[in-house]
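Below, read A as the first sequence line, B as the second, and so on, with proteins coming before strands; counting in each chain starts at 1.
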2 protein chains.
Amino acid sequence: MKLSTRGRYGLKAMFDLALNYGEGPISLTSIAERQAVSVNYLEQLISPLRKANLVKSVRGAQGGYMLAVEPQLITVGAILTTLEGPLAPTDCVVIDDADEICDHSRYCVTKVIYEKIYESITSVVNSINLQHMVDDYRLNQKSMIIESICECK
Amino acid sequence: MKLSTRGRYGLKAMFDLALNYGEGPISLTSIAERQAVSVNYLEQLISPLRKANLVKSVRGAQGGYMLAVEPQLITVGAILTTLEGPLAPTDCVVIDDADEICDHSRYCVTKVIYEKIYESITSVVNSINLQHMVDDYRLNQKSMIIESICECK
DNA sequence: TGATTTCTTAGTAAATAACTAGGGATTAAA
DNA sequence: TTTAATCCCTAGTTATTTACTAAGAAATCA
């Protein structure tokens, strides 16, 4: 039940872009430096985010990435599901192909539990957007807590 | 963010024991047959459940396993965390060792999100116990839905 | 005594995660 | 117009984790 580095690095990168929203393209090199991860790997994470229209890119020298829309329009849920797939504890709550392993016409006592878990996770991540994170960050900066993001990858 | 087979098989096995609560020891062979998994593997899952005092065993011929306490006293959360470890999206919300990767004296904008996810999952799984599942199962059996547990592993 | 069962540990194969590497395309600036 | 900086894409590699399989010892009932 752990998030992979894809989701974690990707969320941090998106938060980085949110902090710099409105300031033109931010290069992956600079994000990678701040987060101590490789540019090559970050490229692989930003690619699906671009295809999902969460960021847009500017190519060439002095190019980079920026949020495609305002921070408050991008939820943590959109970011994480783009990078990790559905935040569901099992495939059976997500796959709705009739011919799958599980016959969905039947009632399953364990599936209802997994559905509740899925709903609760979805509810949390969809209720938080990048603007919330930015506000949270700036608030805690002001209240003398010097660093408001830990060095955890 | 998926549960592994450990949690899924283990929960189904515990539900099986709950359905047969009060009827003496149930052999792993019979559980393994009903769920179409190997006895050897189930043994590895039931072992931690026994050490966590969720089931007790009777050794020898005609032996088997039974719930250690009443079904309503065993939560889905207790079962899943025994088999999967804490249902947390990251290690940083669970490890409280001061010398870990992450300096916990600092405020982290991503960590607070992971904590909220953790809390919401924990809240769901701790609110459901085996008796709930049994009641749910029997209710749906009565209402003409023949099979109330799907063959999903 | 023999069959059945729990209990334990070691090993293994497959899948997934987490990158690394490299090269092409684009563009700003020198 | 060249060069450096950047995005973009794909293939390959390594490490870790998952999901078992295997086998044998210990206990107990018939």
**Complete:** Sorted by number, residues from residues 36-52 of chain A placing a heavy atom under 4.0 Å from DNA chain C are Ser38(A), Asn40(A), Tyr41(A), Gln44(A)

**Exercise: identify the closest heavy-atom pair between Gln62(A) and Pro25(A)** = O-CG, 3.6 Å

**Message:** So does Ile117(A) get a backbone contact from the side chain of Ser120(A), meaning a donor-acceptor N/O pair under 3.5 Å?
**Reply:** yes

**Fill in**
Of Thr5(A) and Gly63(B), the one whose nearest nucleotide on DNA chain C sits closer to the 5' end is Gly63(B)

**Prompt:** Between Asp16(A) and Lys12(A), is there a donor-acceptor pair closer than 3.5 Å when you use the side chain of the first and the backbone of the second?
**Reply:** no

**Prompt:** Taking side chain as C-beta onward, heavy atoms only, is Ser30(A) less than 4.5 Å from Arg34(A)?
**Reply:** yes

**Item:** Non-hydrogen atoms of Arg50(B) and Ser57(B) that approach each other most closely
**Value:** CD-OG, 3.6 Å

**Message:** Tell me every residue that passes side-chain contact (heavy atoms from CB on, under 4.5 Å) with Gln131(B), counting only those two or more places apart in sequence or in another chain.
**Reply:** Pro71(B), Gln72(B), Asn129(B), Val134(B), Asp135(B)

**Message:** Please determine whether side chain to side chain contact (heavy atoms under 4.5 Å, CB included) holds for the pair Leu19(A) and Arg138(A), giving the CA-CA distance in whole Å, both sets of side-chain angles, and the decisive distance to 0.1 Å.
**Reply:** CA-CA 9 Å; Leu19(A) 274 182; Arg138(A) 298 210 166 115; 3.8 Å; yes

**Message:** Can you give me the first and the last nucleotide of DNA chain C (5' to 3') that has an atom within less than 4.0 angstrom of a non-hydrogen atom in chain A?
**Reply:** dA18(C) to dA29(C)

**Complete:** Rounded to the nearest 0.5 Å, the CG atom of Asp136(A) sits from the CG atom of Leu130(A) at a distance of 12.0 Å

**Complete:** Walking DNA chain C from its 5' end, the first of Arg59(B) and Gln62(A) to be reached, judged by nearest nucleotide, is Arg59(B)

**CD1 on Ile79(A) to CZ on Arg6(A), rounded to 0.5 Å** = 14.0 Å

**Request:** Would you please name every residue forming a ring-ring contact (aromatic ring centres under 6.0 Å, His included) with Tyr41(A), sequence neighbours left out?
**Result:** Tyr9(A)

**Prompt:** How far does the helix from dT1(C)-dA30(D) to dA30(C)-dT1(D) bend, going by the axes of its first and last five pairs, to the nearest 10°?
**Reply:** 0°

**Message:** Quick check against the 3.5 Å criterion: does Thr82(A) have a side-chain atom that pairs as donor or acceptor with the backbone of Ala78(A)?
**Reply:** yes

**Asked** With no hydrogens and no angle check, is any side-chain donor or acceptor of Lys2(B) less than 3.5 Å from a backbone partner on Ala88(A)?
**Response** yes

**Message:** Going 5' to 3' along DNA chain D, between which two nucleotides do contacts with chain A fall, using a heavy-atom cut-off of 4.0 Å?
**Reply:** dA5(D) to dA11(D)

**Request:** Can you see which heavy atom on Met133(A) is nearest to which on Val109(B), and at what distance?
**Result:** O-CG1, 3.6 Å

